[in-house]
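Reviewing the structure listed below.
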2 protein chains.
Amino acid sequence: MKQITKYIIRNDLKRLFTYRLCLIGFKRKGFDRVYSYNLGEEAGVTAEQVRKDFSVFKIKGNKKGGYKINDLLRSIEEIFKYQHNQHVILVGMGNIGRALVQYKRFILRKMIIVASFDIDPSKQSKRFGIPVLPMDMMSEIINKFHVKVAILAVPEISAQDAANKLVDKGITGILNFAPVILKVPDEIIVNNINLCDELESVIYYTQKVM
Amino acid sequence: MKQITKYIIRNDLKRLFTYRLCLIGFKRKGFDRVYSYNLGEEAGVTAEQVRKDFSVFKIKGNKKGGYKINDLLRSIEEIFKYQHNQHVILVGMGNIGRALVQYKRFILRKMIIVASFDIDPSKQSKRFGIPVLPMDMMSEIINKFHVKVAILAVPEISAQDAANKLVDKGITGILNFAPVILKVPDEIIVNNINLCDELESVIYYTQKVM
DNA sequence: TATATTTTGTGATTTGTTTCACATTATATT
DNA sequence: AATATAATGTGAAACAAATCACAAAATATA
């Protein structure tokens, strides 16, 4: 392992998500086509950047006519098409875990948390809309729903352990909320979200004269 | 506004956070000094990258002797020093908001959520350890605690509105969980966290042959 | 104390990304 | 139908980030 890239979302992909967000906004406002400079302005990038990004992802517009919003959204959807009705599991029903299982937007994007796991039996009995199961039922659920991706929201101290279990049982992608750099095989995708870092960055930049 | 940079955490800063995490890990394991290649290996970057980053932030090591972990941590702390005991407010007590006010790690990093706000009076009466107040008390709290940074965790539809209020009342940095590109003056720092995008990225990469 | 070894720190080089500039093409106008 | 206009699409140029390569310095060894 030489590069950290596998831990980081590529910038062009990130922008693609932003474009989608902007397009949905435009659509809501009643527009049905955009030009690269509209979209760029909205997303906070240059028009050239927008066109280059689209070019990378083979998205075509119409010379002089710009882009039809619906076509664009469909093209972007196409890039993520295999993700529809993706089954995901969640490990750790603490504050973050509980918020995520109730987070409606995942479902809108057809990402479905099929079950969550916690070592605490008292949490297993509680009702959150999805089953909260003991850790030893993980294999069963992963196999039953062909789960490839897990959300890890356990305390720091048990994160590596949980990650090992997940990888062992066939998980190949982890969205990790624990403030730990997980040691996993090279082929496993890890996306770390560190809420403290994110907040601290904002504070850092607001205090920095730029 | 030409560049999206103000919305994005600089990579070197992100790595600095990662280094800190690794250093804390090393320390826990009983080490008291590291070499750039130890830290690089742990953080998933090259040793040269580690040294270059430190050089950018004016962090000095000891030729042949490497870096003392405590010194390094202190230097990194120094970079973020003005952030100690930072007062933050939170807007929106939905799933995410509730998880965040109970999130212990903010306090460990001396970032304190002094109050949260919600339009729903029923939430205002509930107890979460910090006061949940009606929106019209925002000014009072911001002034009283000299708050500069807010966490925005309201539904998409009310996000821009809430952001306007925040900026109006003197907030200069926003950690935004709503899936919206906020329109704010150039000098305001916005850090967007889009949980759907983060999860979808993991799914994207796990399905992509790389 | 002199020499060998190891690691940092940083210019030089390479690699990657963004912006520029303009040829191409679709539409609008005369 | 011919001409003008306004947008895309993309190589070339400029810029930024990462890696390389090695001098400088601290420590270890003889």
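Values below: all heavy atoms of this structure, side chains included; hydrogens, waters and symmetry mates excluded. Below, read A as the first sequence line, B as the second, and so on, with proteins coming before strands; counting in each chain starts at 1.
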Q) For A:S55 and D:dG9, is the shortest distance between a side-chain N/O and OP1 or OP2 below 4.0 Å? A) no
(Q) Please tell me if A:R15 has a side-chain N or O lying less than 4.0 Å from either OP1 or OP2 of C:dT18. (A) yes
Q) Do the side-chain N and O atoms of B:N70 and B:K27 include a donor-acceptor pair separated by under 3.5 angstrom? A) yes
From the list [options], which nucleotide is the closest neighbour of the side chain of [X]?
X: A:N11; options: D:dT19, C:dT18, D:dT5; result: C:dT18
X: B:S36; options: D:dT19, C:dT8, C:dT6; result: C:dT8
X: A:N62; options: C:dA26, C:dT18, C:dT7; result: C:dA26
X: A:Y67; options: D:dA26, C:dT18, D:dT8; result: D:dT8
X: B:Y35; options: C:dT19, C:dT8, D:dA18; result: C:dT8

Send over the distance from [X] [atom1] to [N] [atom2], rounded to a whole Å.
X: A:D71; N: D:dT8; atom1: CG; atom2: P; answer: 14 Å
X: A:L72; N: D:dG9; atom1: CG; atom2: C1'; answer: 14 Å
X: B:R51; N: C:dG9; atom1: CZ; atom2: P; answer: 8 Å
X: A:D12; N: C:dT17; atom1: CG; atom2: P; answer: 8 Å
X: B:K68; N: C:dT7; atom1: NZ; atom2: P; answer: 17 Å
X: B:K64; N: D:dA28; atom1: NZ; atom2: P; answer: 7 Å
X: B:Q49; N: C:dT14; atom1: CD; atom2: P; answer: 18 Å
X: B:N38; N: C:dT6; atom1: CG; atom2: C1'; answer: 13 Å

Q. Taking the six-membered ring where the residue is Trp, are the ring centres of B:Y19 and B:F26 under 6.0 Å apart?
A. no
(Q) Using the ring-ring contact (aromatic ring centres under 6.0 Å, His included) definition, which of the options A:F54, A:Y37, A:Y35 pairs with A:Y67? (A) A:F54
Any donor-acceptor pair under 3.5 Å between the side chain of [X] and the base of [N]?
X: A:K63; N: C:dT27; answer: no
X: B:K60; N: C:dT8; answer: no
X: B:K58; N: C:dG9; answer: no
X: A:K52; N: C:dT19; answer: yes

Q. What does A:G61 touch in the nucleic acid at a heavy-atom separation under 4.0 angstrom: a base, only the sugar-phosphate, or nothing?
A. sugar-phosphate
Q) What is the nucleic acid contact for B:F54, judged by heavy atoms within less than 4.0 Å: base, sugar-phosphate only, or nothing? A) nothing
Q | Under 3.5 Å donor-acceptor, B:R20 side chain and B:L73 backbone | A | no
Q.
For the backbone of B:Q102 and the side chain of B:K104, can you confirm whether one donor and one acceptor N or O come within less than 3.5 Å of each other?
A. yes
Q | Residue met sooner reading DNA chain D from 5', once A:E48 and B:G65 are mapped to nucleotides | A | A:E48
Q) Less than 4.5 Å apart, any side-chain heavy atom of A:I174 and any of A:L182? A) yes
